[in-house]
Amino acid sequence: MSHDDLASLYKDYIACLNEQDWDNLGRFIGDEVQYNGETVGLSGYRRMLEGDFQAIPDLRFNIELLVSEPPRVAARLHFDCRPKGMLFGLPVNGRRVTFAENVFYEIQDGRIREVWSVIDKAAIQAQL
């Protein structure tokens with residue numbers, strides 16, 4: 001895949017997440033996807049995302065920065081939301097917080113096979 005193809009694939013993946021279109025998640029995520037070094041598979045990845053949207057009803061993934069270098073994509077995602085209770089072990093309890101996630105993906109055969117994610121928990125904690 002070219003740089004542009006990867007960027008387009010990633011933007012479509014983010015749209016899938018924001019629409020909570022779980023039936024089409026497999027178009028973007030490999031069956032044996034790994035998340036931060038652990039094989040979670042497509043079903044585990046879907047459960048993780050569904051749980052995120054349950055905990056954060058107004059969750060929306062916003063791309064701040066996107067770099068594609070085949071077969072990898074790097075992104076900085078911005079979040080502005082009101083989680084219902086605990087978020088990453090922090091008592092947010094409905095307060096509005098903004099934070100970023102730096103995330104890297106490896107693409108194989110047109111689908112994400114590996115994800116490495118680092119969330120700026122310190123930014124959330126500073127707002128509480």
For Gly26 and Leu42, the nearest pair of non-hydrogen atoms, with its separation, is CA-CD2, 3.8 Å
TODO: Establish whether Phe88 and Leu49 are linked, either directly or via other cluster members, by ILVMFWY side-chain heavy-atom contacts under 4.5 Å.
DONE: yes
**Message:** I'd like to know if the side chain of Gln127 reaches the main chain of Thr98, judged simply by a donor and an acceptor atom lying under 3.5 Å from each other, with no hydrogens or angles considered.
**Reply:** yes
The reported gap from CD in Glu19 to CZ in Arg60 (rounded to nearest 0.5 angstrom) is 8.0 Å
- prompt: Could you go step by step and tell me if Leu25 and Leu17 meet the side-chain contact (heavy atoms from CB on, under 4.5 Å) rule?
  reply: CA-CA 8 Å; Leu25 188 62; Leu17 298 185; 3.9 Å; yes
Exercise. Is there a chain of hydrophobic side chains (I, L, V, M, F, W, Y, each step under 4.5 Å between heavy atoms) that links Phe99 to Met48?
Worked result: yes
Interatomic distance, CD1@Ile112 vs CD@Glu106, rounded to 0.5 Å, equals 11.0 Å
Rounding to 0.5 Å, atoms CG (Asn18) and CZ (Phe53) come to a distance of 5.5 Å
| Where the side chain of Arg95 meets the backbone of Val92, is there a donor-acceptor pair that is under 3.5 Å apart? | yes
- Connected via hydrophobic side-chain network under 4.5 Å: Trp116 and Val33: no
Taken to the nearest 0.5 Å, the spacing of Leu87 CG from Asp52 CG works out to 8.5 Å
Report task. Side-chain contact test, heavy atoms from C-beta onward, threshold under 4.5 Å: evaluate it for Leu66 versus Lys11 and give yes or no. Result -> yes
| request: Kindly determine whether Ile63 and Leu65 satisfy side-chain contact (heavy atoms from CB on, under 4.5 Å), including the steps that lead there. | output: CA-CA 6 Å; Ile63 301 171; Leu65 177 65; 5.9 Å; no
Looking only at heavy atoms, the pair that brings Leu6 and Met1 closest together is CD2-SD, 3.8 Å
Do Ser117 and Asn36 have side chains that approach each other closer than 4.5 Å (heavy atoms only, starting at C-beta)? yes
Quiz item: Does any non-hydrogen side-chain atom of Asp12 lie less than 4.5 Å from one of Cys16?
Solution: no
Separation between CZ (Arg113) and CD (Gln34), nearest 0.5 Å, reads 6.0 Å
State plainly whether one hydrophobic cluster holds both Phe104 and Phe79, where clusters connect Ile, Leu, Val, Met, Phe, Trp and Tyr through side-chain heavy atoms under 4.5 angstrom apart.
no
In terms of heavy-atom contacts, Gln125 and Leu90 come closest through N-CD1, 3.9 Å
Can you get from Val67 to Leu77 by hopping between Ile, Leu, Val, Met, Phe, Trp and Tyr side chains that sit under 4.5 Å apart? no
- Task: Verify the neighbour count for atom CD of Glu50: are there more than 12 heavy atoms of other residues, nucleotides or ligands below 6.0 Å?
- Result: yes
Can you confirm whether Val103 sits close enough to Phe61 that some side-chain heavy atom of one is under 4.5 Å from a side-chain heavy atom of the other?
no
Separation between OG (Ser43) and CD1 (Ile29), nearest 0.5 Å, reads 12.0 Å
side-chain hydrogen bond (donor to acceptor under 3.5 Å, both in side chains) pairs touching residues 75-91, sequence neighbours excluded, are Glu64-Arg76, Arg76-Asn102, Asp80-Arg96
One pair to check against side-chain contact (heavy atoms from CB on, under 4.5 Å): Arg111 and Asp31. What are the steps and the verdict? CA-CA 9 Å; Arg111 296 193 299 168; Asp31 294 333; 3.6 Å; yes
request  = Flag the pair Ser68 / His3 as yes when at least one side-chain heavy-atom distance between them is below 4.5 Å, and no otherwise.
outcome  = yes
